[in-house]
Peer 1: 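What follows is a single structure, and I will ask about it in a moment.
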Amino acid sequence: MDFENDLNPAQYQAVTAAGGPLLVIAGAGSGKTRTIVYRLARLVQQGVDPASILLLTFTRKASQEMLSRAAMLLGHGGDILPGVCGGTFHAFAYAALRRHHQTLGFPQGFTVIDRADADELIGRVKDDLGLGKGDKSFPKKSHVAELIGKSRNKECRVADIISRESFHLLPHADDLERMADGYAAAKAAHHLMDYDDLLFLLERLLVEHEDVREFYRRRFTHIMVDEYQDTNRVQARLITLLAPHTGNVMAVGDDAQSIYAFRGATVDNILAFPRIFPGTAVIKLEQNYRSTQPILELTNAILQNAGEKYDKTLFSTRTDGPKPELLRPFSDITQARMAVVKIRELARKWPLHEIAVLFRAGYQSYALEVELGKANIPFQKYGGIKFSEAAHIKDVLAYPRVVANPLDPAAWTRCLSFVPKIGPKTALRLMEAVRLGDQAAIDKAAKKHPQLAELFAFLDSLRAMPPHPGPILERAIAHHAPHLMEKYPDDYPRRLTGLEQLQQIASGYSSLDALLADMTLESPDEDKRKAREDHLVLSTVHSSKGLEWSAVLLLDLVDERFPSRHALTRDEDLEEERRLLYVACTRARDYLGLFVPETLYNRQAGVCSPVQPSLFVRELPASLCTMVRESLSGRPVPQSDSPDFAPPRPLSGSAAAPPSGPITACEPAPPRTDPSLLGYCRHKVFGRGKIIARLEGGKCRVNFPGFGPKMILSDYLEME
DNA sequence: TTTACGGCAATTTTT
DNA sequence: TTGCCGTAAA
């Protein structure tokens with residue numbers, strides 16, 4: 001290993017830094033992973049026992065990649081560096097809690113629940129408290145779950161979250177607090193833990209049990225934390241608690257890439273690190289190995305207007321390359337077609353899997369997905385449903401879950417839902433009967449439903465088996481197969497294949513609990529990146545973190561979409577959107593294309609309305625990109641003049657026809673008396689009404705039942 | 001109490 | 001488009 005040659009001076013400094021706290025600010029594409037891997041390898045080479053190194057990462061994939069690369073450096077072949085304890089905070093917390101579960105008063109262990117299970121439980125709490133019945137203004141259970149989760153991650157009251165970002169729910173604040181309490185109580189009663197509990201409970205374990213804390217502080221002499229900018233407050237406290245006596249805590253991150261504030265991550269952690277660990281050496285990695293200089297100039301400009309940060313300016317030795325392009329389709333609908341044309345062009349230069357299309361939110365790629373289908377371009381979407389979230393997987397896992405924890409309500413309802421005539425209510429009663437050991441009630445129900453007796457017999461037989469996940473899963477799948485066929489008649493074979501994969505995964509485990517926890521903590525959503533050969537990549541910006549492509553296209557860079565309209569009111573939210581854009585643009589190696597549609601199609605109104613380019617695009621110096629307009633044929637046309645962000649002129653009047661094709665997209669709007677514009681509409685005060693006529697000045701005559709005809713500005717109407 | 005159906009709203013990001 | 005929720009029928 002030739003550290004000096006393989007690394008640049010800053011990287012070398014980070015890799016060879018002596019003991020003590022170390023903070024590495026690693027700009028995008030600056031060889032962050034390389035630095036961690038080399039440091040890991042060097043420590044081991046210097047005789048540090050791998051088992052005394054703790055490597056905390058954001059995803060399991062990241063940790064595996066680092067460990068196997070370090071092993072390679074050390075000449076261990078393709079193996080993963082043996083002994084190093086690596087994984088996510090949640091997975092580490094789970095392992096620790098499991099080890100010490102008696103200490104914490106969970107003699108029977110516990111089950112980790114995912115977001116869907118939490119939603120369900122919260123729904124039940126809502127019913128129990130009799131809240132929200134017939135009240136349309138009461139938030140849905142998943143929304144409530146979100147609020148509760150946020151309050152825990154940010155460590156404030158639910159009411160605070162509400163008053164900060166959902167003030168329309170303030171009338172329900174008390175009820176929502178009660179639900180948060182009820183949810184916590186329900187989890188305790190059923191031996192369940194959600195993601196947040198894992199972290200808080202680990203903290204409690206370490207604070208209250210000095211012996212346990214000392215155990216870990218001695219066991220790990222070196223702690224390395226990746227993506228430190230995405231840690232929340234508990235996670236930072238956990239690091240402090242775990243910090244070894246040697247003081248060897250290394251945090252790596254980039255404050256400019258902090259994009260998880262919505263779930264409690266705070267940039268403060270990385271900014272405060274040197275204060276919390278006095279004597280911290282701070283090293284900045286600023287040389288970028290990924291992108292061309294023109295792309296970096298744009299990304300640096302995006303950061304220019306950011307608030308508090310570690311100042312850094314990325315530079316590259318790759319001075320060549322085209323400027324980023326600003327692509328201007330007529331609308332978000334024609335954007336999809338224009339993107340396909342662009343993708344075809346890029347695909348002449350790079351394989352498809354070197355091209356990615358990124359967007360702010362999952363739904364923004366729907367139109368493109370349709371066009372890609374028509375154009376026969378294969379693609380792979382990231383951020384979609386994960387393997388372990390697929391319904392059939394959860395269905396099958398419900399059986400072993402009942403075996404592992406007979407108090408698990410979500411698991412019971414799932415199993416029992418396959419017995420005809422048994423719904424949520426009966427399922428709940430049966431679970432109670434099981435809990436109380438009320439054999440009479442169970443027998444009675446079993447007599448009534450023959451299939452129920454079968455199910456109980458089956459579950460008992462599972463319980464009687466030795467606790468090996470492999471065989472248990474095999475039986476569960478066999479038992480479930482008929483239901484699968486019934487539930488997914490056309491999709492049956494594909495899902496069965498998925499279950500066989502699950503069986504494979506399960507047989508690699510020796511403990512049922514560990515399998516179940518892993519399935520909720522880190523779904524093996526595989527290395528489909530490399531596995532699927534030549535697929536275009538579609539991804540949300542969040543899921544693109546840490547990845548890179550030769551060419552990157554970014555969709556919908558207009559106000560309300562990116563930045564998202566939810567982020568427009570508060571400054572800190574807007575700052576996060578800016579960093580999100582920064583992350584997106586820094587994924588590109590050679591080509592970056594930014595789509596800025598001139599109009600957005602409004603489905604309800606059936607028209608396209610003009611939009612402003614994204615705030616972040618507007619503030620960019622025009623010289624940093626090239627503008628390309630959409631021609632009538634859908635082909636891009638380079639513009640000789642520099643970008644100009646005067647608000648786009650309305651195509652005709654206040655509305656244009658829906659863009660069904662490139663040509664019709666700019667046909668003149670129909671005359672104002674066109675009957676197609678005389679449909680039904682809604683008004684905040686008068687309710688539903690019928691438009692009788694369109695008048696000058698954007699006004700309409702509308703007939704509201706019960707109120708009679710009124711003259712209304714169409715801005716105040718919502719079309720149906 | 002279950003199940004089927006239809007209306008209706010919403011649609012950010014996720015360990 | 002989906003998916004949630006309330007309603008009505010069985």
Side-chain angles (χ1 to χ4, degrees), chain A residues 56-63 87-94 112-116 118-120 123 126-127 132-143 145-146 149-150 152-153 165 194-199 227 230-232 234-235 258-265 358-367 369-370 382-386 388-389 391 416-417 419-429 448-449 517-523 525 539-545 556 560-568 573 576-577 579-581 583-584 603-604 682 688 718 720:
Chain A
L56 293 170
T57 52
F58 199 66
T59 63
R60 188 223 289 240
K61 202 165 23 174
S63 122
T88 62
F89 274 89
H90 293 90
F92 174 74
Y94 173 76
V112 183
I113 58 171
D114 66 8
R115 192 35 212 283
D119 284 3
E120 201 195 311
K126 185 168 143 188
D127 287 345
K133 273 197 288 233
D135 180 355
K136 276 179 64 184
S137 76
F138 201 88
K140 306 183 185 319
K141 60 185 181 195
S142 66
H143 191 191
E146 199 182 309
K150 233 177 197 174
R152 300 204 70 209
N153 273 282
E165 47 195 84
D194 62 21
Y195 294 130
D196 306 323
D197 293 324
L198 292 171
L199 302 181
E227 310 279 19
D230 287 325
T231 53
N232 62 20
V234 220
Q235 287 171 323
S258 167
I259 55 175
Y260 283 96
F262 67 90
R263 69 173 208 230
L358 308 182
F359 30 85
R360 176 69 183 80
Y363 73 90
Q364 287 171 325
S365 69
Y366 290 161
E369 287 171 46
V370 172
Y382 279 70
I385 50 158
K386 281 185 215 122
S388 59
E389 281 165 8
L416 291 165
S417 71
V419 179
K421 305 277 175 213
I422 293 191
K425 280 278 190 306
T426 319
L428 209 64
R429 270 214 314 274
K448 205 158 146 198
H449 310 286
D518 272 10
M519 291 305 292
T520 51
L521 285 179
E522 32 206 334
S523 57
D525 63 346
S539 173
T540 61
V541 178
H542 280 89
S543 317
S544 77
K545 193 167 77 141
D556 281 339
E560 308 246 307
R561 293 268 177 99
F562 201 156
S564 152
R565 80 185 127 94
H566 300 270
L568 292 175
D573 291 346
E576 175 137 323
E577 297 287 306
R579 294 189 296 264
L580 202 51
L581 178 63
V583 168
R603 197 144 82 275
Q604 280 145 11
R682 270 185 185 284
R688 191 166 185 269
E718 275 194 58
E720 281 195 348

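Labels below follow one simple rule: chain letters A, B, ... track the order of the sequence lines, proteins then strands, and each chain is numbered from 1.
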Peer 1: Rounded to the nearest 0.5 Å, how far does CG of A/D556 lie from CZ of A/F562?
Peer 2: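 Interatomic distance, A/F562 CZ to A/D556 CG, rounded to 0.5 Å: 10.5 Å.
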
Peer 1: Can you tell me how far C1' of B/dA10 sits from NE2 of A/H143, to the nearest Å?
Peer 2: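 Rounding to the nearest Å, NE2 of A/H143 and C1' of B/dA10 are 11 Å apart.
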
Peer 1: Using atom CG of A/D230 as one end and atom P of B/dT13 as the other, report the distance to the nearest whole Å.
Peer 2: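 Interatomic distance, CG of A/D230 to P of B/dT13: 16 Å.
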
Peer 1: Under the side-chain contact (heavy atoms from CB on, under 4.5 Å) criterion, do A/I422 and A/S417 qualify, and how do the steps go?
Peer 2: CA-CA 6 Å; A/I422 293 191; A/S417 71; over 6 Å; no

Peer 1: If the cut-off is 4.0 Å, is A/S564 near the phosphate of B/dT13, judged by side-chain N/O to OP1 or OP2?
Peer 2: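 So the side chain of A/S564 is outside the cut-off, no N or O lying under 4.0 Å from OP1 or OP2 of B/dT13.
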
Peer 1: Of all residues at least two apart in sequence or in a different chain, which pass the side chain to side chain donor-acceptor pair (under 3.5 Å) check with A/D135?
Peer 2: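 Per chain and number, A/D135 pairs via side chain to side chain donor-acceptor pair (under 3.5 Å) with A/S137, A/H172.
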
Peer 1: Consider the side chain of A/A361, meaning its heavy atoms from C-beta on, and name the nucleotide among B/dT12, B/dT14, B/dT2 that approaches it most closely.
Peer 2: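 Nearest nucleotide to the side chain: B/dT12.
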
Peer 1: Would you indicate which nucleotide in B/dT1, B/dC8, B/dT14 comes nearest to any side-chain atom of A/K136?
Peer 2: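 Looking only at heavy atoms from C-beta outward on A/K136, the closest nucleotide is B/dC8.
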
Peer 1: Quick one: side chain to side chain donor-acceptor pair (under 3.5 Å) partners of A/K141, sequence neighbours excluded?
Peer 2: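 Partners of A/K141 by the side chain to side chain donor-acceptor pair (under 3.5 Å) criterion come out as none, since no residue qualifies.
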
Peer 1: Measure CG/A/D196 against P/B/dT15 and give the value in whole Å, please.
Peer 2: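 Roughly 13 Å, once rounded to whole Å.
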
Peer 1: How many Å lie between CZ on A/F359 and C1' on B/dT13, as a whole number?
Peer 2: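 Whole-Å distance recorded here is 12 Å.
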
Peer 1: Which atom pair, heavy atoms only, marks the closest approach of A/S544 to A/V583?
Peer 2: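 Nearest heavy atoms, A/S544 then A/V583: OG-CG1, 4.4 Å.
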
Peer 1: Tell me which of A/R263 and A/K425 sits closer to the 5' end of DNA chain B, going by the nucleotide each one is nearest to.
Peer 2: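 Final value for this comparison: A/K425.
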
Peer 1: Using a 4.0 Å heavy-atom cut-off, write out nucleotides 4-10 of chain C from 5' to 3' as B (base contacted by protein), S (sugar-phosphate only) or - (no contact).
Peer 2: SSS----

Peer 1: Using the salt bridge (charged side-chain N to carboxylate O under 4.0 Å, His left out) criterion, which residues pair with A/D197? Sequence neighbours excluded.
Peer 2: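 Scan of A/D197 (salt bridge (charged side-chain N to carboxylate O under 4.0 Å, His left out), adjacent residues dropped) gives A/R152, A/K187.
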
Peer 1: Figure out the NZ/P separation between A/K150 and B/dT13, and round it to whole Å.
Peer 2: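 After rounding, the reported distance stands at 12 Å.
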
Peer 1: Heavy atoms from C-beta onward define the side chain here; which of B/dT11, B/dT15, B/dT2 lies closest to that of A/T88?
Peer 2: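 The answer is B/dT15.
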
Peer 1: Side chain of A/Y363 only, please: which of B/dT11, B/dT14, B/dT2 is the nearest?
Peer 2: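 So the nucleotide nearest the side chain must be B/dT11.
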
Peer 1: Where do N or O atoms of nucleotides 3-7 of chain B meet protein N or O atoms at under 3.5 Å, pair by pair?
Peer 2:
unit_1, atom_1, unit_2, atom_2, d
B/dT3, OP1, A/K421, N, 3.0

Peer 1: Of the listed nucleotides (B/dT13, B/dT15, B/dT12), which one gets closest to any side-chain atom of A/H566?
Peer 2: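 Between B/dT13, B/dT15, B/dT12, the one nearest the side chain of A/H566 would be B/dT12.
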
Peer 1: Run the side-chain contact (heavy atoms from CB on, under 4.5 Å) check on A/D196 and A/N153 step by step: do they pass?
Peer 2: CA-CA 7 Å; A/D196 306 323; A/N153 273 282; 3.1 Å; yes

Peer 1: Planes under 30° and centres closer than 5.5 Å, is that true for A/H542 with the base of B/dT14?
Peer 2: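 Here A/H542 fails the 5.5 Å or the 30° condition.
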
Peer 1: Tell me: CZ of A/R429 to P of B/dT1, nearest whole Å?
Peer 2: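 Checked: the CZ to P distance equals 6 Å.
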
Peer 1: Considering every strand and a 4.0 Å limit on heavy-atom distances, what is the contact class for A/F89: base, sugar-phosphate, or nothing?
Peer 2: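 A/F89: no heavy atom of the nucleic acid under 4.0 Å.
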
Peer 1: Given atom OH of A/Y260 and atom P of B/dT12, what is their separation to the nearest angstrom?
Peer 2: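 After rounding, the reported distance stands at 16 Å.
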
Peer 1: Determine, using ring centers only, whether A/H542 and A/F262 are less than 6.0 Å apart.
Peer 2: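 So the answer is yes for these two rings.
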
Peer 1: What is the distance, rounded to the nearest whole Å, between atom CG of A/D194 and atom P of B/dT14?
Peer 2: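 Computing the A/D194:CG to B/dT14:P distance gives 18 Å.
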
Peer 1: Apply salt bridge (charged side-chain N to carboxylate O under 4.0 Å, His left out) to A/R263 and list each qualifying residue two or more places apart in sequence or on a separate chain.
Peer 2: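 Scan of A/R263 (salt bridge (charged side-chain N to carboxylate O under 4.0 Å, His left out), adjacent residues dropped) gives none.
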
Peer 1: Taking it one step at a time, do A/D230 and A/K545 satisfy side-chain contact (heavy atoms from CB on, under 4.5 Å)?
Peer 2: CA-CA 11 Å; A/D230 287 325; A/K545 193 167 77 141; 2.3 Å; yes

